Amino acid sequence: MLELRYSSEVARARDSHAPIVALESTIITHGMPYPQNLEMAQQVEDDIRAGGAVPATIAVLDGVIHVGLEPAELEALAQTQGALKLSRADLAVALATGATGATTVAATMICAARAGIGVFATGGIGGVHRGAETSFDISADLQELAQTPVTVVAAGAKAILDLPKTLEVLETLGVPVIAFGQDQFPAFWSRDSGLPAPLRMDDAGQIARAHQIRAALGLPGGQLVANPIPLADEIPRDVIDGWIAQALADCAGVATKEVTPRLLARIFGLSAGASLTANIALVRNNARLGAAIARALVPDSPAPHIG
Ligand code: PSU
Ligand code: MN
């Protein structure tokens, strides 16, 4: 009843038990403008290949979950107007109605887990929005990390969110939040959020081992690996904080799933594109670490290069 359609490359990787890294598609349709979104998606796939793994960009096309997109499908999705933004709540309805939509972190985790893929690389996760004490706006990504066994590599969470509350909710949900190679929790465009990360690991192989040990313990859920943006690509905190404050003011009154895309688009405009350049750099950095973790998750593959 549930069809997962694999790209030819992902199908081959499955047959040969090669390492696979899942990628989300909301970042393509709702996170970045065309054509940079397409260039980013293609570059990130190539980074994963260069890292010795196979990329599986996940999306819903005409009511079918696609695990890995053929090049022409990726090009079409990047230009699709009005693709839906699909999270846990929307996925089954989109499949039942033959819709086309992009998967968020939560929905990508669900599809990846179904396909037996243990690691997923993206830019930033959703989290607790500022003002959540009155708006109740908390991304379904956090609950998903608590229940679906996929290790998600992200550059932390954006400071458009309330980062202390986001970390509190993840702690309550029992989600391991692991900063890679530093003690601080990274804040997407900046390496340091000013908050200590709950956990730190410096080695992709150990991250893969922790993923496997969680499963052996019978613990549901995944891990959040918070990988800081490379130093050369970082936007200083005080610079980005100004744009964020302006974007939040400009987007006051925007609600539900519109909030994140609208804030991202506004910050892109305010930064004259600098936020997008940094965003692409950090996704590529996460793809490289994701590939190393995926290789370590496959028993016979050579030791990962990162960490
Ligand atoms: N954060 C980003 N870029 C993104 C997103 C979040 O920096 O593109 C997307 C991801 O797909 C994430 C989703 O899963 O937004 C979260 O949306 P919401 O807050 O509506 O759950
Ligand atoms: Mn929300």
Side-chain angles (χ1 to χ4, degrees), residues 22-34 36-37 40-41 44 57-60 77-78 83-91 94 101-112 120-146 148 150 152-163 165-166 169-170 175 186-190 193 222 224 226-229 235 240 243-244 247-248 251 253-268 271 275-286:
L23 297 163
E24 64 153 307
S25 43
T26 296
I27 188 174
I28 301 171
T29 57
H30 292 70
M32 295 183 186
Y34 180 83
Q36 291 96 331
N37 61 347
M40 178 279 304
V44 165
T57 301
I58 292 178
V60 174
L77 184 71
L84 301 175
K85 174 180 164 185
L86 305 176
S87 189
R88 164 172 280 259
D90 322 290
L91 191 56
T103 50
T104 62
V105 168
T108 304
M109 290 178 74
I110 293 168
C111 298
F120 157 29
T122 185
I125 61 160
V128 180
H129 280 268
R130 299 193 196 187
E133 60 274 23
T134 52
S135 70
F136 281 39
D137 189 350
I138 301 176
S139 174
D141 291 352
L142 302 184
Q143 293 270 11
E144 206 60 53
L145 281 161
T148 300
V150 176
V152 178
V153 183
K158 290 203 166 112
I160 57 174
L161 302 172
D162 187 321
L163 297 183
K165 286 196 184 75
T166 299
V169 169
L170 287 166
V175 176
F188 201 81
W189 295 289
S190 318
S193 64
L224 176 60
N227 188 29
I229 184 172
I235 300 177
I240 198 79
W243 294 331
I244 289 171
L248 286 166
C251 297
V254 179
T256 67
K257 57 171 67 176
E258 288 298 311
V259 175
T260 301
R262 289 278 296 275
L263 286 170
L264 298 184
R266 189 71 190 108
I267 293 169
F268 171 68
S271 70
S275 68
L276 183 56
T277 305
N279 197 341
I280 292 170
L282 66 85
V283 182
R284 298 185 64 184
N285 190 47
N286 295 341

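Both counts, for ligands and for their atoms, begin at 1 and track the order of listing. The shown structure was predicted, so the numbers you read here are calculated from the model rather than taken from an experiment.
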Asker: Who's the nearest protein heavy-atom neighbour of atom 8 (O) of ligand 1, and how far?
Answerer: Ile27 CA, 3.7 Å
Asker: To the nearest 0.5 Å, what is the distance between CD1 (Ile125) and CG (Leu224)?
Answerer: 4.5 Å
Asker: Do the side chain of Ser25 and the main chain of Ala102 share a donor and acceptor less than 3.5 angstrom apart?
Answerer: no
Asker: Any side-chain to backbone donor/acceptor pair from Asn37 onto Ala78? Under 3.5 Å, distance only.
Answerer: yes
Asker: With side chain to side chain contact (heavy atoms under 4.5 Å, CB included) as the test, pick out the partner of His129 among Thr260, Thr166, Leu248.
Answerer: Thr260
Asker: Given Thr29, Thr108, Asp141, Thr260, identify the one with the heavy atom nearest to atom 12 (C) of ligand 1.
Answerer: Asp141
Asker: I'd like to check Lys158 versus Leu263 (side-chain heavy atoms, cut-off strictly below 4.5 Å). Are they in contact?
Answerer: no
Asker: For ligand 1, is there an N or O atom under 3.5 Å from any N or O atom of Lys158?
Answerer: yes
Asker: What's within reach of the Mn ion (ligand 2), meaning protein N/O/S atoms under 2.8 Å?
Answerer: Asp137 OD1
Asker: Is Leu264 close to ligand 1, meaning an N/O of one under 3.5 Å from an N/O of the other?
Answerer: no
Asker: Considering the heavy atoms of Phe188, write down every atom of ligand 1 situated less than 4.0 Å from one of them.
Answerer: 7 (O)
Asker: For the pair Trp189 (side chain) and Ser275 (backbone), establish whether a donor and an acceptor sit closer than 3.5 Å, ignoring hydrogens and angles.
Answerer: yes
Asker: For the side chain of Lys85 and the backbone of Lys257, is there at least one donor-acceptor N/O pair under 3.5 Å apart?
Answerer: yes
Asker: Verify, without hydrogens or angle tests, whether Asn285 (side chain) and Ile229 (backbone) share a donor-acceptor contact under 3.5 angstrom.
Answerer: no
Asker: When you measure from atom 6 (C) of ligand 1 to every protein heavy atom, which one gives the shortest distance, and what is it?
Answerer: Gly124 O, 3.5 Å
Asker: With sequence neighbours excluded, what pairs up with Thr57 under the side-chain contact (heavy atoms from CB on, under 4.5 Å) test?
Answerer: Leu23, Ile28, Glu45, Leu69, Leu74
Asker: Treating Asn227 as the side-chain partner and Ala155 as the backbone partner, does any N or O pair qualify as donor plus acceptor under 3.5 Å?
Answerer: no
Asker: Has ligand 1 got any nitrogen or oxygen that is less than 3.5 angstrom from a nitrogen or oxygen of Lys257?
Answerer: no
Asker: Is there a heavy atom in Glu24 that sits closer than 4.0 Å to ligand 1?
Answerer: yes
Asker: Quick one: look up the protein heavy atom nearest atom 20 (O) of ligand 1 and list residue, atom name and how far away it is.
Answerer: Lys85 NZ, 2.8 Å
Asker: For atom 9 (C) of ligand 1, which protein heavy atom lies nearest, and how many Å away is it?
Answerer: Thr26 CG2, 4.1 Å
Asker: Could you tell me whether the side chain of Ser271 and the main chain of Phe268 form a donor-acceptor pair under 3.5 Å?
Answerer: yes
Asker: Nearest protein heavy-atom contact for atom 21 (O) of ligand 1: which residue, which atom, what distance?
Answerer: Ser139 OG, 2.7 Å
Asker: Would you indicate whether Gln36, at its atom CD, is surrounded by more than 12 heavy atoms from other residues, nucleotides or ligands within a distance under 6.0 Å?
Answerer: yes
Asker: Considering only heavy atoms of His129, which atoms of ligand 1 have at least one such atom less than 4.0 Å away?
Answerer: 19 (O)
